[in-house]
Amino acid sequence: EELRIGLVGTGAIGRSHIERINTRLQGAKVVACADVNMDFCRSVAEKYGIQAYDSGEEMSASDAVDAVIVTTLDPFHEQYVTAAIKAGKYVFCEKPLAPEADACRRIVEAEMAGKKQLVQVGFMRRYDPGYRQLKALIDSGKYGLPLMLHCAHRNYDAPGFTTSMPVENSMIHEIDVLRWLLGEDYKTAEVVFPKTTRNAEGELRDPQIMYLTTESGVRIDVESFVNCRYGYDIKCEVVCEEGSLNLPEPANTMVRSNDSRITPICHDWSERFIDAYNIEFQEWINACREGRVDGPSAWDGYVGQVTAKAASKARDTQTVVNIEYDEMPEFYKK
Ligand code: NAI
């Protein structure tokens, strides 16, 4: 039967997930919601004809809910993910799992104590058709081993961004998806500052380049340029021993007009990764109904946060930082 979902955090992305699940996807419905802003939560519940709860914890514990989605602000992810684990329910948590690595580790411990994998983290790039093509080509081994990755993450603008946010909010996506592409953990992180654009607000250093090395010695550079002022642009080139693989972009008609050729690109992430979000949630729903978790795990959430913190430290100290993870528990080995 249909999976009955309760969603806590009826903000921008929370509402877009309700919309996608209740109008486009199959096998599930969001039937309940909760938010600290009760009035707004009630208006959302009314709009979608679903039930508003006084608290996310109460909603998680309810028999009317089979699975939980957490889309609150980052510092509150832990409390709701933990409540869902206590209720023995599958829980999808938007990225990051929690802002601090210690909090991610506590979620990992809570999940292991319950003896059942329940948590999935919203690293949706793993579901983007382009990254999936890249992964299949790398895994085929046809082009030899990956040696270097050149990546860019450019936003049109980013009001309110501070110097710490490109690593913690944007490049966290590269941190997860590149580790997944390569199938290995990172060893070192470094962040350098090129010349700052005059479009950066206040103290923001923009662009920034993050360098990562992996355990086997692959070298990665990721440029973050959050005020690039031309559109939203995600690039990833994987240079292998005998070939170079480039991340494809969503297709758009090229128009010849006025003595020029123009191919539109996306304006922001919600447009660029719309397929990724749809596929991510459809696969999560299917997995929940079949009784398993097969997407990014709580462990992946922990590793992502440890890496981001190391990169932040590297940025703040302008040094190369060694990255140390706890050993992966048997529980998470597939
Ligand atoms: P938002 O500010 O629009 O919504 C956050 C909601 O959480 C608000 O409705 C707020 O009232 C609620 N909230 C705050 N504290 C709460 C608490 N203690 N208990 C219950 N509800 C509480 O933010 P947005 O953009 O929707 O982001 C939400 C989450 O989604 C963030 O963790 C963000 O990192 C993540 N996100 C992930 C993206 C991705 O690329 N996968 C893209 C955008 C957001």
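Each ligand, and each atom within it, is numbered from 1 in the order the structure gives. Just so we're clear, the structure is a prediction, and the values are computed from it rather than from any experiment.
Closest to atom 28 (C) of ligand 1, if we only count protein heavy atoms, is Thr71 O, 3.4 Å. In this structure, the protein non-hydrogen atom closest to atom 21 (N) of ligand 1 is Val36 N, 3.3 Å. In terms of protein heavy-atom proximity, atom 23 (O) of ligand 1 is closest to Leu73 CD2, 4.0 Å. Looking at atom 4 (O) of ligand 1, its nearest protein heavy atom turns out to be Gly11 CA, 3.2 Å. The nearest heavy-atom contact from the protein to atom 19 (N) of ligand 1 is Tyr80 OH, 2.7 Å. The shortest contact between atom 39 (C) of ligand 1 and any protein heavy atom is with Tyr277 OH, 3.2 Å. Closest protein heavy atom to atom 26 (O) of ligand 1: Ile13 N, 2.9 Å.
Donor-acceptor pairing under 3.5 Å is lacking for the side chains of Ser260 and Asn258. Judged purely by distance below 3.5 Å, without hydrogens or angles, the side chains of Gln208 and Ser224 never pair a donor atom with an acceptor atom. Using a 3.5 Å distance cut-off with no hydrogens or angles, the side chains of Arg15 and Thr10 do not pair a donor with an acceptor. Looking at Glu203 and Thr163, their side chains do bring a donor and an acceptor atom within 3.5 Å of each other. The closest side-chain donor-acceptor pair between Asp206 and Asn227 falls under 3.5 angstrom.
Note: Tyr186 and Tyr325 fail the aromatic proximity criterion, with ring centroids not under 6.0 Å apart.
If you look at Phe273 next to ligand 1, there are no close heavy atoms at all, none under 4.0 Å. At a heavy-atom distance under 4.0 Å, no atom of Phe40 approaches ligand 1.
In summary, the atoms of ligand 1 found under 4.0 Å from a heavy atom of Asp74, numbered by their order in the structure, are 31 (C), 32 (O), 33 (C), 34 (O).
Of the charged side-chain nitrogens involved, at least one lies within less than 4.0 Å of a carboxylate oxygen, so that Lys29 and Glu2 count as a salt-bridged pair.
Of the listed options Arg125, Lys95, Glu94, His173, Lys95 places a heavy atom closest to atom 34 (O) of ligand 1. Residue nearest to atom 10 (C) of ligand 1, selected from Thr72, Asn37, Asp35: Asp35 (by heavy-atom distance).
Note: Tyr302 and Trp299 have tilted aromatic rings, judged against thresholds of 30 and 60 degrees for the angle between ring planes. Ring-plane geometry between Tyr232 and Phe273 is classed as perpendicular, the angle between the planes exceeding 60 degrees on a 0 to 90 degree scale with a lower cut at 30.
Below 3.5 Å of separation, one finds an N or O of Ala12 facing an N or O of ligand 1.
By the 4.0 Å heavy-atom criterion, Gly122 is counted among the residues contacting ligand 1.
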